[in-house]
Amino acid sequence: MNFKLKVWRQKDGASPGSFKDYDAKDVPSEASFLEMLDIVNESLAASGEDPIAFDSDCREGICGTCSLVINGIPHGPGKGTTCQLYMRRFADSDTIWIEPFRAAAFPPIKDLVVDRSAFDRIIEAGGYIVVRTGSAPEANSLPVAKHDADLAMEAAACIGCGACVAACPNSAAMLFVSAKVSHLGLLPQGQAERESRVIHMVRKMDELGFGSCRNHYECEAICPAEVSATFMARLNQDYALASAKKVLAV
Amino acid sequence: MSMILDPKIPSGPLEKKWSKHRGESKLVAPNNRPKFDLIVVGSGLAGASAAATLGELGYNVKCFCFQDSPRRAHSIAAQGGINAAKNYQNDGDSVFRLFYDTIKGGDFRSREANVYRLAEISLNIIDQCVAQGVPFAREYGGLLANRSFGGVQVSRTFYARGQTGQQLLLGAYQALQHEIAEGTVKMYPRTEMLDLVLVNGHAKGIVVRNLVTGEINTHAADAVILATGGYGNVFYLSTNAKGCNVTATWRAHKRGALFANPCFTQIHPTCIPVSGPYQAKLTLMSESLRNDGRVWVPKKKGDPRSPDQIPKEERDYYLERKYPAFGNLVPRDIASRNAKEVCDQGRGVGPSGLGVYLDFSDAIQRHGESTIRERYGNLFEMYQNITNENAYKTPMRIYPAVHYTMGGLWVDYNLMTNVPGLHVLGEANFSDHGANRLGASALMQGLSDGYFVIPSTIANYLATQMGKKASTEQPEFKAAENEARCRINRLLSIKGKKTVTTFHRELGLLVWDKCGMARDAQGLQEALQKIPAMRAEFWENVNVLGDGAEFNQALEHAGRVADFLEFAELMCLDALERNESCGGHFRLEFQTKEGEALRDDEHYCHVAAWEYAGPHTRPNLIKESLGFEYVKLSQRSYK
Amino acid sequence: MLIASFMSVASLSPAPVRKFSKNPLIAFYQSSIGKKYVVAGTGLILIVYVLGHLVGNLQIFSGQERINAYSKFLHDLGPILWLVRVFLLAAFVTHIVATIQLAQENRLAKPRKYAVTGYQRSTMASRTMLISGLIILCFVIYHLLQFTLQVTDPKFRHMHDSLGHHDVYRMLILGFKNPFVSLFYTVGLFLLTNHLSHGFASVVQTLGINNRKIASFVASGGQTLAWVVFIGYVSIPVTILLGIIK
Ligand SMILES: Cc1cc2nc3c(=O)[nH]c(=O)nc-3n(C[C@H](O)[C@H](O)[C@H](O)COP(=O)(O)OP(=O)(O)OC[C@H]3O[C@@H](n4cnc5c(N)ncnc54)[C@H](O)[C@@H]3O)c2cc1C
Ligand code: HEM
Ligand code: HEM
Ligand code: SF4
Ligand code: F3S
Ligand code: FES
């Protein structure tokens, strides 16, 4: 298969970027999207042009490293991550636009690579349960209703890819934050820090320059881990209740 | 100059060794801990759990990883689960049984004391992870669920959907982020370790490159901990993440750390076959598929018919035929080797001829499609997404792929290498899995090393280092930094014709062919001839564009491939030197009449630890012999 | 205090770094979710008004006497009416201020748009909330000038029915007989519908009431309700133009 690519090239965060045209020739339909870019990069290198920088690691849809916005859709058409997108989804000689995730909180590094460490800062603000190593009680001493455990697992499935932010017209990190707040907040282990966790994580998210949610649900539509938007409703409620408690305590 | 290896195994009965050792270990007082700087390279299960726990204890920790976030370490990809001898299912499991299964699974090439400790600590791991909020699967009553995994007869595997590694890593990552917030750990993501710095023979620091800016600098510490994962990517194609590499451990090896059992690699039988030369990695399909799928190939060579056109009589269900008792559920290495054998006979299926069928039609007939969908729906979906084939209608095609590396840097019971101060955890060390690893045991080992072992054993070293602070101003640091810089400049100045990937692919094909599922002396010797030539060509003809002072992925890859090109030689040498078959190491010359691995306990019941002796010089082989007091060495049999 | 916090955030908003007050109430408003709560809360108040006003207006179909009596009843409430008016106005203003602040923060959060758009689930309505809201604002201003302050057509001030009540009935008929006025109302109401077709469901989500069981019902229910409001209101100018009510 052959494709016309329009790829965002940007030397580094300080330089301006622009789209450049490339031809991807003789790409097998079984190739994944990233393998297609590998092929293009091999030919660029052979002709002495700097290869296109993009992030990936596991290439099986779990590490959340791969990003890319393909034809305006983070991770491209269909479910799943960019590394799990296969070229047979496109028609021969299609024109494909490839852009980095765009958000003020994800500053560009090079070409299609952006800095998503803002997510680590959010987790740092409270996305954990503090347990001194070795002090944990016997695991089965605390039963967790299967329903809660399953729901917590659904939220915990977030791979931290940041596509929700990329897809959101406001670059809101709500889906990501709601996933962690719900994962920990649904479990009995997570109750002690529940209120401070949600307050600190939401404030950190705001401080880092993510936008607010206007309930567009683009995030839910593209989330490769299928994190449900209803977790955001949970987050809103958790945050309001925690804030109300703080207000009343004053 | 042969050194004697002291594994520092505590005396006393097996079950008491660890508690005795902890009781006798040195301590660092809480007020002194902040005075010690520790470097942890790696943020996978082993690295993140270690860094978090050491930070919590009050040490001053710096943690490094090459990914953009510690949460993306390769541990995230583990699917199946984590073992622990909790015996929640009341099916007769015990610490001893887990210990025994692990020793036997490793084909009697691991240390009893280490493995027993691992089995013991497995209990604490589950407690720790549950308290952190790892959402393990549960029964309706709210208690933890288990499944049986990896061909053992008890249900001791804890799991979180098919995402166990992810959930465990997130637990460790979150603990790490908490310590980062507390200020006890400083994280350096997108930072690659390029070298180890020794001062007076002690590991006192590392050289790193900031992958975003390209800046090279050094960090000093009182001890260095490597938790940098496995080297399966020496084969180019593997189930490992693209970034997995041998660089950190190989550099440490070149600075004096012994590399143990480098030829022990695990091949996983159920992966999606290679579809073309452009392919960048292989995808693992869960082993559980073999519970219901039947493995077969056509009886006739090069049979061009589609699978549904081949009548039952003309199919060879070779695993069921050869191993009637275990059938399709034989261990990983046996299943893998047999697949290779039938493909080598020209009976492989699929476009490349390197594949066998995993057929669910009988299971679908017996249980109905809906049951099969319930059991494996997501796997079938994933298979369809990748191959565009519907496995409900036509059999899956699978082929073995490199999955895990049991070899690694040699460590003693304290997880310290022969280089004082250098400690190694997780897949990067050689310690607990012998010649083959049981399913769901790598996660257990990583967390055991990180949460429980190193935080207590490192004090044995640190207590001797009071007041011996190293500084990056020392000449050793300047020299190592300079070397790293020169190497990078050299890579950039070659400006040859072949891309880094081309070299990596060529190397991978060679070692897969000669040092993969089955090896023989002739092939290994051939590889040992070719690798140096390949390496020489690499240093003359590799094409790395751009410059060093920027984000440069080709340069990162080039550095890693350069190390693989050196490491591969040691791997082949080790395979050649071990004149027996055991676990994942199958030498064609050493097999029973039935084609099973034939161990030679008389001559090879040892750890082969290699000492670097300089370029173009044969490394020295140092043996740590393995004693077995609690288990009896026996030949595996799955007939 | 709330107003003070508007000001502090407004003056900070061009800078990407956001700070939080020690006062938990102010801090709540300063956060994105807090502001959203305020938008949703005030939106809900406005919704209740829109629905109530619709019920009141529909009395036109019960005849002149009925609706004029209703108007008189409202006006006779005196101070209570003023209380409600002030409350409504505050809600309206707060709603607008908060949404404008959010819009500004959101613009800063997404400094660059994609070259091609690939929207999957957002709707025209969700993406045009600010525009539809601002047009509603214009609509309401005109509407107040016309029917409440009666400055667009001074005639309205002197219309009384046989009982001596202010003749709301005639005023509406006279007003909507003008096709331009009717058209303007239809457009305004359409935008209100647009606003509410996203807004109804949005309130449920923002206030954190949404869950898996009700999510799809909330989304479709919100749309339906918005169209009920549209048909309800538009029925008045339409029936007047068509001469059904005279
Ligand atoms: C597909 C797959 C499925 C698996 N499933 C299971 C399973 O079900 N159960 C099980 O028990 N095991 C499983 N395993 C094995 C298991 O996942 C790994 O062995 C284990 O996670 C390794 O953990 P680790 O902490 O040692 O290393 P890793 O998780 O690989 O972490 C390595 C770390 O080192 C860093 N690093 C490496 N090199 C450098 C360098 N030069 N400089 C700086 N940083 C560096 C990396 O950034 C990373 O943070 C699976 C493996 C694969 C591939
Ligand atoms: C009768 C008048 C109005 C009603 C009934 C109304 C109702 C609502 C409702 C219910 C919401 C949803 C809140 C949520 O997301 O939870 C909303 C949001 C919004 N309204 Fe209004 N509104 C009105 C007027 C206005 C006006 C005049 C503006 C002009 C600025 C406006 C701008 C917005 C915006 C921008 C949002 C989206 C805010 C966000 O989600 O970030 N609205 N409105
Ligand atoms: C066809 C549609 C509408 C009709 C016929 C209508 C009619 C009227 C009338 C007759 C009054 C004056 C009442 C009086 O002073 O006795 C009034 C007031 C008002 N209307 Fe409407 N209206 C319509 C739509 C709307 C809409 C959509 C809104 C809001 C978005 C709205 C908001 C108001 C407000 C705020 C007042 C002032 C109330 C007060 O006096 O406090 N109206 N309307
Ligand atoms: S919520 Fe979904 S889209 Fe967002 S980071 Fe997590 S997995 Fe990615
Ligand atoms: S797309 Fe954005 S607006 Fe909300 S629902 Fe998702 S965060
Ligand atoms: S590369 Fe890991 S999710 Fe795509």
Side-chain angles (χ1 to χ4, degrees), chain A residues 12 28 30-31 34-35 38-39 42 45-46 48 50-51 53 55-60 62-65 80 84 86 88 109-110 113 115-117 119-120 123-125 127-134 136-140 142-146 149 152-153 156-157 159-160 183-184 187 189-190, chain B residues 53 56 67-69 71-72 74 76-77 86 88 124 126-128 130-133 135 137-144 160-161 163 166-167 170 173-175 177-178 180-181 189 212 241-243 275-276 278-281 283 385-388 451-452 455 499 501 543 545-546 550-551 553-554:
Chain A
D12 52 39
E30 311 88 69
L34 298 183
E35 284 164 349
D38 289 340
I39 293 173
E42 288 284 287
D50 220 12
D55 261 334
S56 80
D57 200 23
C58 75
R59 297 226 179 171
E60 55 181 69
I62 190 72
C63 72
T65 308
Q84 287 299 300
Y86 288 82
R88 68 176 91 86
I109 290 179
K110 181 176 182 176
V113 180
D115 179 1
R116 285 168 287 187
S117 51
F119 271 10
D120 294 328
I123 298 296
E124 244 163 75
Y128 42 71
I129 294 170
V130 177
V131 192
R132 186 162 273 278
T133 306
E138 153 58 39
N140 256 351
L142 184 66
V144 181
K146 185 167 165 46
M153 178 62 227
I159 62 174
H183 160 207
L184 300 176
L187 295 170
Q189 298 92 308
Chain B
T53 306
E56 182 183 270
Q67 287 93 350
D68 68 339
S69 161
R71 68 175 291 151
R72 305 200 203 287
H74 173 58
I76 200 111
K86 283 281 194 188
Y88 283 160
N124 308 74
I126 300 304
D127 299 343
Q128 177 71 18
V130 165
Q132 286 174 341
R138 292 192 176 253
E139 317 269 9
Y140 281 100
L143 300 180
L144 291 155
R161 276 200 199 156
Q163 303 162 6
Q166 181 200 27
Q167 293 311 317
L170 291 181
Y173 156 77
Q174 288 164 198
Q177 294 303 123
H178 173 233
I180 293 171
V212 176
K242 288 285 284 174
S275 59
Y278 57 85
Q279 196 155 343
K281 79 154 266 161
T283 304
N385 184 39
I386 296 175
T387 62
N388 206 21
Y451 281 133
F452 297 102
T499 61
T501 308
N543 168 18
L545 295 166
E550 61 171 2
F551 187 83
Q553 291 172 315

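Every heavy atom of this structure was used, including side-chain atoms; hydrogens, water molecules and symmetry mates were not. All values reported here derive from a predicted model rather than from experimental measurement. The chains referred to below are lettered A, B, ... by the order of the sequence lines, with proteins before strands, and numbering in each begins at 1.
The ring-ring contact (aromatic ring centres under 6.0 Å, His included) test applied to A:Tyr86 returns no partner, not counting sequence neighbours. Residues forming a side-chain hydrogen bond (donor to acceptor under 3.5 Å, both in side chains) with A:Asp12 (at least two apart in sequence, or on another chain): A:Ser15.
Between A:Phe119 and B:Ser69 the shortest side-chain heavy-atom distance does not fall below 4.5 Å. With contacts defined as side-chain heavy-atom distances shorter than 4.5 Å, the pair A:Lys110/B:Gln553 does not qualify. Using a 4.5 Å cut-off on side-chain heavy atoms (C-beta onward), B:Arg72 and A:Asp55 make no contact. Within the 4.5 Å cutoff, no side-chain heavy atoms of B:His178 are placed close to those of A:Ile129. Using a 4.5 Å heavy-atom cutoff, the side chains of A:Glu30 and B:Asn388 are not in contact. When side chains are defined from C-beta on, B:Lys242 does not count as touching A:Thr65, because their heavy atoms never get closer than 4.5 Å. Residues A:Glu35 and B:Lys281 form no side-chain contact, since every pair of their non-hydrogen atoms from C-beta on lies 4.5 Å or further apart.
Side-chain atoms of A:Glu42 and B:Thr499 include a donor-acceptor pair closer than 3.5 Å.
Using a 4.5 Å cut-off between heavy atoms, B:Phe452 contacts chain A through its side chain alone, with no backbone atom that close. Interface remark: B:Leu170 contributes side-chain atoms only to the contact with chain A (heavy atom separation under 4.5 Å). Residue contact with chain A, scored on non-hydrogen atoms closer than 4.5 Å, is absent for B:Asn124.
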